[in-house]
Amino acid sequence: MSDGPLIVQSDKTLLLEVEHERADECRKAIAPFAELERAPEHVHTYRVTPLALWNARAAGHDAEQVVDALISYSRYPVPHALLVDVAETMSRYGRLRLEKTDLYGLILTSTDRAVLAEVLRSKKIQPMLGERVGEDAVAVHPSERGNIKQALLKLGWPAEDLAGYVDGEYHSIELAEGTWTLRPYQREAADAFWHGGSGVVVLPCGAGKTIVGAAAMAHAQATTLILVTNTVSAHQWKQELLKRTSLTEDEIGEYTGSKKEIRPVTIATYQVMTTKRQGTYRHLELFDARDWGLVIYDEVHLLPAPIFRMTADLQARRRVGLTATLVREDGREGDVFSLIGPKRYDAPWKEMENQGWIAPADCVEVRVTLTDDERLAYAMADAEERYRFCATTPSKTRVTEALVRRHAGDQVLVIGQYIDQLDELADHLNAPVIKGETRIKERERLYQAFRDKEIQVLVVSKVANFSIDLPEASVAIQVSGTFGSRQEEAQRLGRVLRPKADGGGARFYSVVSRDTIDQDFAAHRQRFLAEQGYAYEIIDADDVLASE
DNA sequence: CAGGATGCAA
DNA sequence: ATGAATGCATCCTG
């Protein structure tokens, strides 16, 4: 028996003792094949999931490496059944393959006749198939390439897609390096995508995902369709591409609500693609408007369901998804895996921090205690009012004021979800507030004043989740968040991670009501960051107030 | 036809 | 189970 930091249980959960001296290296070793499930103070729970194992497999890890990692960090003997299961699950990926043949077009082949027989019996699969092509292969209708991958994943037999890609229409795209250079991880990410053919690149906020996209375009040398979440992001992409590549103004088109340009490089919003009229999608022709050689999905964790359906028909095009957090709250990770592709690259946030690409950050959860009256009101509140009630308790205002005073001289963002709460905070802090109804001009004015340090404190609503031009701060105080959204928490922390001129660190406070669902949701939101190695120090609001 | 206001969807 | 922000389409003005 070793003194390892990990307890491996036969239900496929892994318990990591956080204070153990080998906890960090262990976290790094298990991250490729285990997902963090719970992250309270002392023991973090990970789960070994099939999807994580298949991502690991697609990234070139084999079962032996996974088994080695488990055994070498485990405190107790690892359940044999689990090791067998890991090996069995990993071997499922790639047992089936999609290939392209001259004679039969797209075919599904197998190295294992029994597996092929099993999936051929599926009622879901049968309509997608053509004639049997010998003992170990069957023809697949080319238009079903995406659908069959989704269906096979659901059956537990994810296919490796080796059917290749069309080149698309040639278009010269060079990186305009000179005043800047591609960072090593950006190059690695673009190369990993290119060699994998299609798939997802995961990088922290502010790590330059657009530049990875540009590098992917330089690989493809082809017309490119870029899908983004909003128009601000569309403009950002265009500016960045003009700056970083040989592309000129008239080569980049914008396909949004107000403009419908189709150019060799076209940037479209998800929404324009998913708006329907009389039950049919209006702008589907954009996908066929050109012979696109590459499709880039920005913020792939937000990909709306209809885009998945459209992507099922785009399987012969190279596809790259970019994201900071591959986790989705709707559990459609499997569709990202089948339709965009496996994870091709990910850079752990903490490693980026060590290399100085992002600022080190301390995360602090500040717990406020409800007064007896509030406790009673909370207990009596309707289910739909409860979260709002505990998330917006007046005690949070006082501790937020104290935190702002503590950081006098720093640039501080106060972020929350309820407008009433934000208005009140802005009032108390004597700070301006930016919310949905704030006009663009006014927002820009306030952002600029914040950048110029004329304003030290800015109160922002959910606009902060989207707007890219929001200036970086060194302190963020979150007073309420969207239920349990992990990706929102990551975005918000990302706001303070831009490296500081003085090399100093950043601080992220999450103000939470003790013993309420606010605390539960906060714990859920923190999971993704805990997985990235960010530990939340928990302090009492009374201590903050007392220290003044 | 640019730019603003309004309703609606997911 | 929810609240807030957004983007699109449409209509309107000059």
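Nothing here was measured: the structure is a model prediction, and the numbers come from that model. A note on names: the letters A, B, ... follow the listed sequences, proteins ahead of strands, and every chain is numbered from 1.
Taking atom OH on A:Tyr387 and atom P on C:dA4, their separation rounds to 12 Å, with Å as the unit. One can place CD of A:Glu384 at 8 Å from P of C:dG3, the figure rounded to the nearest angstrom. If you take CZ of A:Arg492 and P of C:dA4, they are 13 Å apart, rounded to a whole angstrom. A straight line from CG of A:Leu302 to P of C:dG7 spans 13 Å, rounded to a whole angstrom. In this structure, A:His235 places its NE2 atom 12 Å from C1' of C:dG7, rounding to the nearest Å. Nucleotide C:dA4 holds its C1' atom 10 Å from the CD atom of A:Glu488, rounded to whole Å. Summarising the geometry, the separation between CD on A:Glu299 and P on C:dA5 is reported as 19 Å, rounded to the nearest angstrom. One atom, CG of A:Asn465, and another, P of C:dG7, lie 13 Å apart when rounded to the nearest Å.
Relative to the side chain of A:Thr275, the nucleotides C:dA1, C:dC8, C:dA4 differ in distance, and C:dC8 lies closest. Distance from the side chain of A:Arg388 is smallest to C:dA4 among C:dA5, C:dA4, C:dG7. Nearest to the side chain of A:Lys462, among C:dA9, C:dA5, C:dG7, sits C:dA5. The listed nucleotides are C:dA9, C:dA4, C:dG7; the one nearest the side chain of A:Ser461 is C:dA4.
Panel note: side chain A:His524, backbone A:Asp520; no donor-acceptor pair is recorded below 3.5 Å.
When the side-chain nitrogen and oxygen atoms of A:Arg282 are compared with OP1 and OP2 of C:dA9, one or more of them lie within a distance under 4.0 Å. At C:dG3, none of the side-chain N or O atoms of A:Arg386 fall inside 4.0 Å of OP1 or OP2 (strictly under the cut-off). For the OP1/OP2 pair of C:dA9 and a distance below 4.0 Å, the side-chain nitrogens and oxygens of A:His283 include at least one atom meeting the criterion. In this model, the phosphate group of C:dG7 is not approached by any side-chain N or O of A:Thr269 to a distance below 4.0 Å at OP1 or OP2. Between A:Lys260 and C:dA9 there is a side-chain N or O to OP1 or OP2 distance below 4.0 Å.
To the nearest 0.5 Å, atoms OH (A:Tyr418) and OG (A:Ser480) are separated by 6.5 Å. Separating the OG1 atom in A:Thr369 from the CG atom in A:Asp372 is a distance of 10.5 Å, to the nearest 0.5 Å. Of the inter-residue distances, the one linking A:Ile477 atom CD1 with A:Arg507 atom CZ reads 11.0 Å to the nearest 0.5 angstrom. Here CG of A:Asp518 is found 12.0 Å from CZ of A:Arg514. Values are rounded to the nearest 0.5 Å.
Here A:Phe528 and A:His301 keep their ring centres 6.0 angstrom or further from each other.
Contact check of residues 414-426 of chain A against DNA chain C (heavy atom, cut-off under 4.0 Å) returns A:Gln417, A:Tyr418, A:Ile419.
By the neighbour-count criterion of 12 heavy atoms within 6.0 Å, atom CZ of A:Arg38 is sparsely surrounded, having that number or fewer from other residues, nucleotides or ligands.
For the ring-ring contact (aromatic ring centres under 6.0 Å, His included) condition, no pair includes a residue of residues 308-327 of chain A, sequence neighbours left out.
A cation-pi arrangement is absent between A:Arg319 and A:Tyr297 under the rule of less than 6.0 angstrom and at most 45 degrees off the ring axis. Cation-pi geometry between A:Arg145 and A:Tyr165 is satisfied (NZ or CZ under 6.0 Å from the ring centre, within 45° of the ring normal).
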What does the list of N/O pairs under 3.5 Å between the protein and nucleotides 5-10 of chain B look like, with a distance for each?
none

